[in-house]
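Quick note on labels: first sequence line is chain A, next is B, and so on, each numbered from 1.
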Number of protein chains: 2
Amino acid sequence: MIAKRQKRRSTCPINASLEVVGDRWSLLIVRDLMFAGARAYKDFLSSEEGIATNILASRLVKLQESGIVTSERDPQDGRGVIYRLTAKGVELAPVLLELSRWGTRFEEGEPPGGILQAWETNPQAFLAEIRKQLLDVPRSTG
Amino acid sequence: MIAKRQKRRSTCPINASLEVVGDRWSLLIVRDLMFAGARAYKDFLSSEEGIATNILASRLVKLQESGIVTSERDPQDGRGVIYRLTAKGVELAPVLLELSRWGTRFEEGEPPGGILQAWETNPQAFLAEIRKQLLDVPRSTG
DNA sequence: CAGGATCCGTTTCGATACTG
DNA sequence: CAGTATCGAAACGGATCCTG
């Protein structure tokens with residue numbers, strides 16, 4: 001057991017988080033899953049800012065290893081793969097929303113319609129909504 | 001006018017934010033400035049997870065270019081440099097705190113004493129406190 | 001001695017071509 | 001459609017050197 005090569009035994013949760021999602025692409029993938037309805041590999045490629053296929057593949061693997069994303073065969077398609085956020089992944093919503101809020105205030109960028117307002121008005125309710133939407137639709141059972 | 005080479009004309013604020021702080025080190029530097037009382041170059045080196053000097057220097061430049069950090073000579077020391085967060089940098093607090101909260105819940109890491117609790121209990125008040133502490137101490141002017 | 005630049009080997013990224 | 005293989009470019013990281 002080699003315990004996966006930790007850098008320095010840091011006990012800071014910020015650093016722990018950044019070890020998982022602290023790169024240029026991971027949170028964009030989570031964003032697409034959370035707000036853009038992305039489910040298939042090609043969705044990530046077409047959306048966003050043009051991530052390279054190898055980078056996308058490696059990030060998806062890493063996100064799965066981190067327990068943020070799951071993947072499964074599309075029961076309808078057979079050759080397609082469906083990616084979905086885990087509960088752990090869904091709970092990144094506050095991070096994404098605060099990042100979005102900050103970007104809207106200080107950098108360029110238009111927020112997706114109404115989302116930020118809903119978040120600022122009633123975070124708890126909005127979070128509950130997101131959880132419901134993303135976790136209760138595992139395979140059209142809802 | 002070349003407008004600084006934007007990748008793809010993205011209007012997503014999350015992406016805009018990640019272009020500035022979406023790397024392994026930037027938010028750790030902001031964290032040190034915000035919660036660990038770091039002000040000098042050596043503070044960042046000693047703290048944290050052992051950032052290399054060249055990386056630290058380049059990140060500090062980038063953070064200054066992004067308007068998140070300022071630097072000035074230490075009036076007491078003369079040879080020392082004091083780094084400080086701008087208002088824009090201080091407003092990254094919610095991002096850091098949500099990142100910290102997520103890390104505490106799902107990754108390893110102990111939160112710094114009481115901070116997360118204060119944040120969860122009353123975000124507005126806690127933010128106001130942070131703003132006051134970090135922005136009202138520019139040079140002991142009061 | 002603090003702040004930071006330079007050199008250099010290693011790792012990661014990223015674009016494209018290609019495969020099942 | 002969903003990925004690998006390849007390969008050049010960039011970033012990282014450590015050590016050392018420079019500057020005031």
Kindly assign one of parallel, tilted or perpendicular to the pair A/Phe44 and A/Tyr83, based on the angle between their ring planes and the thresholds 30° and 60°.
perpendicular
Spacing of [X] atom [atom1] relative to [N] atom [atom2], expressed in whole Å:
X	N	atom1	atom2	result
A/Ile29	D/dG3	CD1	C1'	13 Å
A/Glu49	C/dC13	CD	P	17 Å
A/Glu72	D/dC1	CD	C1'	16 Å
B/Asp74	C/dA2	CG	C1'	11 Å
B/Ile51	D/dG14	CD1	P	10 Å
A/Ile55	C/dA15	CD1	C1'	9 Å
B/Leu56	D/dA15	CG	C1'	16 Å
A/Ile82	D/dG3	CD1	P	12 Å

For the residue pair B/Ile82 and B/Arg73, establish whether any side-chain heavy-atom pair is separated by less than 4.5 Å.
no
Within-4.5 Å side-chain heavy-atom neighbours: A/Arg24 and B/Asn15
yes
Tell me, with the steps shown, if B/Arg84 and B/Glu72 meet side chain to side chain contact (heavy atoms under 4.5 Å, CB included).
CA-CA 9 Å; B/Arg84 197 177 302 126; B/Glu72 59 186 288; 3.0 Å; yes
Quick one: is B/Trp25 getting a side-chain N or O under 4.0 Å of the D/dG13 phosphate, OP1 or OP2?
yes
Ignoring backbone atoms, establish whether A/Arg59 has a side-chain N or O less than 4.0 Å from OP1 or OP2 of C/dC13.
yes
Can you tabulate the close N/O pairs, meaning under 3.5 Å, that link protein atoms to atoms of nucleotides 4-11 of chain C?
residue, atom, partner, partner atom, Å
C/dG4, OP1, B/Tyr83, OH, 3.2
C/dG4, OP2, B/Tyr83, OH, 2.2
C/dA5, N6, B/Thr53, OG1, 2.9

Mind checking the CD-CH2 spacing from A/Gln124 to A/Trp119? Nearest 0.5 Å is all I need.
7.5 Å
Nearest 0.5 Å, please: how far is CD1 in B/Ile130 from CG in B/Leu92?
11.0 Å
Closest to the B/Ala40 side chain, choosing from D/dA2, D/dG13, C/dG3
C/dG3
One pair to check against side chain to side chain contact (heavy atoms under 4.5 Å, CB included): A/Arg101 and A/Leu97. What are the steps and the verdict?
CA-CA 6 Å; A/Arg101 205 153 72 88; A/Leu97 289 163; over 6 Å; no
Please report how far the helix from C/dC1-D/dG20 to C/dG20-D/dC1 bends, comparing the axis fitted to its first five pairs with the axis fitted to its last five, to the nearest 10 degrees.
30°
Answer yes or no: does atom CD of B/Gln117 have more than 12 heavy-atom neighbours from other residues, nucleotides or ligands under 6.0 Å?
no
Verdict with supporting geometry, A/Lys88 and B/Glu107, salt bridge (charged side-chain N to carboxylate O under 4.0 Å, His left out)
CA-CA 10 Å; A/Lys88 179 177 175 179; B/Glu107 304 286 327; 2.7 Å; yes
